[in-house]
Amino acid sequence: MLEVGTKAPGFELPDQNGTVHTLEQYQGKKVVLYFYSKDHTPGCTKQACGFGELYPQFVEKNAVVLGVSKDSVASHKKFEEKYGLPFPLLSDPDLVCIQAYDVWKEKNNYGKKSMGVVRTTYLINEEGVIEQAYTKVRAAENPANMLEQL
């Protein structure tokens with residue numbers, strides 16, 4: 001996990017519509033950057049839908065929500081359409097951003113070890129500095145907790 005107070009790594013990733021997003025384009029806004037393992041899985045769906053329900057309140061607080069996983073643009077599009085998600089889902093199949101934010105880790109699932117994204121959420125301030133960092137996030141509680149942090 002990256003340290004609070006450090007400059008957040010820049011990124012350039014396409015969303016579910018193929019539109020490229022960079023961290024720099026959000027200067028002047030708070031950014032809730034959350035990393036999740038896979039579209040359409042129970043925990044990731046709860047987390048995404050929670051952010052979707054609260055999204056107008058994030059916008060009111062001059063914040064943007066960005067979800068990142070290694071899923072494809074097409075997978076993100078299906079996920080967005082199925083659940084009516086109002087925010088960008090960024091596709092990082094080459095793990096460039098995922099590794100830059102130190103969320104690609106060895107996981108142990110029922111005794112089977114594999115590499116994957118550890119559910120992590122960063123709050124980045126208006127100047128692009130990491131203000132908060134949360135690892136081992138509880139998917140269902142994360143959106144409300146992040147709104148409280150703003």
Mark yes or no for whether Gln25, through its side chain, and Thr22, through its backbone, hold a donor-acceptor pair below 3.5 Å.
yes
Pairing residues for Tyr26 by the side chain to side chain donor-acceptor pair (under 3.5 Å) criterion, not counting sequence neighbours:
His21
Looking only at heavy atoms, which two atoms of Gly52 and Phe87 are closest? And how far apart?
N-CE2, 3.6 Å
Atom CD of Glu12 and atom SG of Cys97: how far apart are they, to the nearest 0.5 Å?
11.5 Å
Taking the side chain as C-beta and beyond, is there a heavy-atom pair between Pro9 and Tyr101 under 4.5 Å?
yes
Between Tyr34 and Tyr122 (judged by ring centroids, cut-off 6.0 Å), do the two rings come close enough to count as a pair?
no
Close side-chain approach of Thr135 and Val118, heavy atoms under 4.5 Å:
yes
With sequence neighbours excluded, residues passing salt bridge (Lys or Arg N to Asp or Glu O under 4.0 Å) with Lys70:
none
Assess whether side-chain contact (heavy atoms from CB on, under 4.5 Å) is satisfied between Val137 and Asn145, documenting all intermediate values.
CA-CA 10 Å; Val137 169; Asn145 291 345; over 6 Å; no
Student check: side-chain heavy atoms of Thr6 and Val129 closer than 4.5 Å:
no
Would you check if the distance from the ring center of Phe79 to the ring center of Tyr83 is below 6.0 Å?
yes
Are the side chain of Asp71 and the backbone N or O of Ser75 linked by a donor-acceptor pair below 3.5 Å?
no
Determine whether a donor-acceptor pair (N or O, by modelled atom type, separation under 3.5 Å) exists between the side chain of Gln16 and the backbone of Leu89.
yes
Check: Val20 and Leu13 side chains under 4.5 Å, non-hydrogen atoms:
no
Are there over 12 heavy-atom neighbours, none belonging to Lys77, within less than 6.0 Å of that residue's NZ?
yes
Which atom of Pro88 lies closest to which atom of Asp15, heavy atoms considered
CB-CB, 4.1 Å
Could you pull out all residues at least two apart from Asp39 that satisfy salt bridge (Lys or Arg N to Asp or Glu O under 4.0 Å)?
none
Determine, step by step, whether Tyr36 and Thr41 satisfy the side-chain contact (heavy atoms from CB on, under 4.5 Å) criterion, reporting the C-alpha distance in whole Å, the side-chain angles of both residues, the deciding distance to 0.1 Å, and the verdict.
CA-CA 10 Å; Tyr36 65 101; Thr41 57; 5.9 Å; no
Gly10 to Glu24 - nearest heavy-atom pair and separation
CA-OE2, 3.9 Å
Enter the distance from Leu85:CG to His76:NE2 here, rounded to the nearest 0.5 Å.
10.5 Å
The reported gap from SG in Cys49 to OH in Tyr55 (rounded to nearest 0.5 angstrom) is 15.0 Å
I want to check something: taking the side chain as every heavy atom from C-beta on, are Val32 and Phe58 in contact at a cut-off of under 4.5 Å?
yes
Student check: side-chain heavy atoms of Val31 and Glu126 closer than 4.5 Å
no
Shortest non-hydrogen contact between Ile130 and Ala8, atoms and distance
CG1-CB, 3.9 Å
Hydrophobic cluster membership, with links at side-chain heavy-atom distances under 4.5 Å among I/L/V/M/F/W/Y: are Ile98 and Val73 in one?
no
Where Cys44 and Arg119 come nearest, the two heavy atoms and their spacing
SG-NH1, 3.5 Å
Heavy-atom nearest pair, Lys46 first then Ala140, reads CD-CB, 4.2 Å
Please check if the side chain of Glu131 supplies one atom and the backbone of Lys30 the other of a donor-acceptor pair under 3.5 Å.
no
Return the CD to CG distance between Gln149 and Asn142, rounded to the nearest 0.5 Å.
10.0 Å
Does the distance from a Lys or Arg side-chain N to an Asp or Glu carboxylate O, for Lys78 and Glu81, drop under 4.0 Å?
no
Between the NZ atom in Lys29 and the CG atom in Asn62, the distance rounded to the nearest 0.5 Å is 5.0 Å
Where the side chain of Asn125 meets the backbone of Glu127, is there a donor-acceptor pair that is under 3.5 Å apart?
yes
So how far is it from Thr19 OG1 to Leu90 CG, rounded to the nearest 0.5 Å?
10.5 Å
Decide side-chain contact (heavy atoms from CB on, under 4.5 Å) for Phe51 and Glu53; before the verdict, give the C-alpha distance in whole Å, the side-chain angles of both, and the deciding distance to 0.1 Å.
CA-CA 6 Å; Phe51 276 120; Glu53 287 168 24; over 6 Å; no
Can you tell me if Lys107 uses its side chain to pair, donor with acceptor, with the backbone of Val117 under 3.5 Å?
yes
Report yes if the side chains of Phe11 and Val96 come closer than 4.5 Å at any heavy-atom pair, otherwise no.
no
Using a 4.5 Å cut-off on heavy atoms from C-beta on, say whether the side chain of Leu33 contacts that of Ile124.
yes
